[in-house]
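Report on the structure given below.
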Amino acid sequence: MADVSNPWTTRLAPATSPAPADRPYVPAPTTGPDRPQPGAVPPPTEGQLPIRLLNPLPSYTGPWWWWVGCHGGAGVSTLAATIPGGVDAARAWPAPPPPGSARVVLVARTHAAGLRAAQAAARQWASGTLPPGIHLLGLVLIADAPGRLPRPLRDLVRLISGGVPRTWLLPWVEALRLGEPPSRVALPAEYTRLATDLHHIAYDRGGSYA
């Protein structure tokens with residue numbers, strides 16, 4: 001029987017370290033659709049994130065991307081402090097005035113509640129119910145505890161990763177739990193890889209915000 005690919009059940013590609021300077025940069029592979037699928041994916045019945053209209057300036061400009069926490073305590077403040085280029089969207093979809101665009105990176109923890117919140121946000125985007133101009137770059141999942149995820153959570157990660165353009169998994173960092181400022185913590189290579197991927201994706205899309 002032929003294997004039929006389901007964009008909501010695609011397996012998550014393993015995380016890789018940044019490419020050495022003497023090798024060409026290879027962006028993180030896509031794991032799911034890069035645009036909404038109106039009609040194919042219904043919006044979630046609960047857990048939808050609010051939509052925040054951005055200031056309609058005559059010539060709109062903004063950050064390279066917005067971090068959108070899918071739930072409280074997702075880790076947005078840590079990412080904003082360690083990876084330049086993004087701004088905290090305060091747990092809301094940033095809707096730009098036409099014809100502007102807003103690049104979004106969803107953020108969630110890997111516990112059950114965090115993954116369910118990420119799934120709801122992913123379905124909200126995929127359903128096509130968001131205002132035009134919102135472009136989802138991917139989903140960042142930050143470990144909620146040290147060690148390997150239990151199988152039910154791993155399965156849920158695979159399911160969600162098939163419904164968003166890219167998924168990045170960031171490991172547990174004990175120093176951050178103990179209150180060390182992110183600027184003083186030696187972060188794992190996955191953080192560097194995330195920063196590299198996001199800046200390449202942002203720059204490759206025309207080198208400008210709109």
Side-chain angles (χ1 to χ4, degrees), residues 3-13 15 27-54 62-72 74-76 79 86 88-142 149 152-170 194 197-198 201-202 204-205 209-210:
D3 179 25
V4 179
S5 177
N6 185 329
W8 286 92
T9 59
T10 303
R11 286 188 174 274
L12 180 64
T30 57
T31 58
D34 62 359
R35 56 180 52 87
Q37 307 163 72
V41 178
T45 56
E46 59 182 5
Q48 297 195 49
L49 294 173
I51 297 169
R52 179 167 61 91
L53 299 178
L54 300 177
W64 283 107
W65 64 84
W66 296 87
W67 302 110
V68 175
C70 298
H71 57 89
V76 167
L79 293 176
D88 185 353
R91 293 179 60 192
W93 295 100
S101 63
R103 303 182 183 97
V104 168
V105 180
L106 295 173
V107 184
R109 294 283 181 176
T110 56
H111 48 59
L115 292 176
R116 285 194 294 267
Q119 186 176 37
R123 293 190 70 90
Q124 188 179 1
W125 166 78
S127 68
T129 56
L130 297 178
I134 296 177
H135 299 295
L136 181 62
L137 302 186
L139 167 67
V140 176
L141 294 175
I142 303 176
L149 282 176
L153 297 183
R154 295 200 307 270
D155 290 344
L156 187 51
V157 167
R158 294 189 183 101
L159 177 67
I160 298 168
S161 71
V164 294
R166 296 171 183 82
T167 305
W168 295 272
L169 284 172
L170 299 184
L194 171 61
D197 283 342
L198 287 177
I201 293 168
D204 287 348
R205 295 195 175 190
Y209 188 75

### Query
With sequence neighbours left out, what residues match Trp67 under ring pair (Phe, Tyr, Trp, His ring centres under 6.0 Å)?
Trp65
### Query
If you take all heavy atoms of Gly133 and Pro96, which pair is closest and at what distance?
O-CG, 3.9 Å
### Query
Rounded to the nearest 0.5 Å, what separation is found between the CZ atom of Arg166 and the OG atom of Ser161?
13.0 Å
### Task
Answer whether the closest heavy-atom distance between the side chains of Pro165 and Leu137 falls below 4.5 Å.
no
### Query
CG of Leu79 to CH2 of Trp168: how many Å apart, nearest 0.5 Å?
11.0 Å
### Summary
Between Ala92 and Val68, the two heavy atoms sitting closest are O-CG2, 3.6 Å
### Task
Taking all non-hydrogen atoms of both residues into account, name the closest pair between Pro43 and Ser127 and its distance.
N-CB, 3.5 Å
### Message
Does Arg35 have more than 12 heavy atoms from other residues, nucleotides or ligands lying within 6.0 Å of its CZ?
### Response
no
### Task
Starting at CD of Gln119, measure out to SG of Cys70 and round the result to the nearest 0.5 Å.
11.0 Å
### Query
Considering all heavy atoms of both residues, which atom of Ala74 and which atom of Gly69 are nearest to each other, and what is their separation?
CB-CA, 4.2 Å
#### Entry: Nearest heavy-atom neighbours spanning Ala121 and Trp93
O-CZ2, 3.4 Å
### Task
Work out which heavy atom in Gln124 is nearest to a heavy atom in Pro44; give both atom names and the distance.
N-CD, 3.6 Å
### Task
Taking the side chain as every heavy atom from C-beta outward, state whether Leu130 and Pro36 have any pair of such atoms under 4.5 Å apart.
no
### Query
To the nearest 0.5 Å, what is the distance between CG (Asp155) and CG (Leu159)?
9.0 Å
### Message
Given Leu141, which partner from the list Leu106, Thr167, Leu149 fulfils the side chain to side chain contact (heavy atoms under 4.5 Å, CB included) test?
### Response
Thr167
### Task
Please round to the nearest 0.5 Å and tell me the distance separating atom CZ of Arg109 and atom CG of Leu153.
14.0 Å
### Query
For Pro42, which residues count as a side chain to side chain contact (heavy atoms under 4.5 Å, CB included) partner, sequence neighbours excluded?
Arg123
### Task
To the nearest 0.5 angstrom, please state how far the CH2 atom of Trp125 sits from the NE2 atom of His135.
11.0 Å
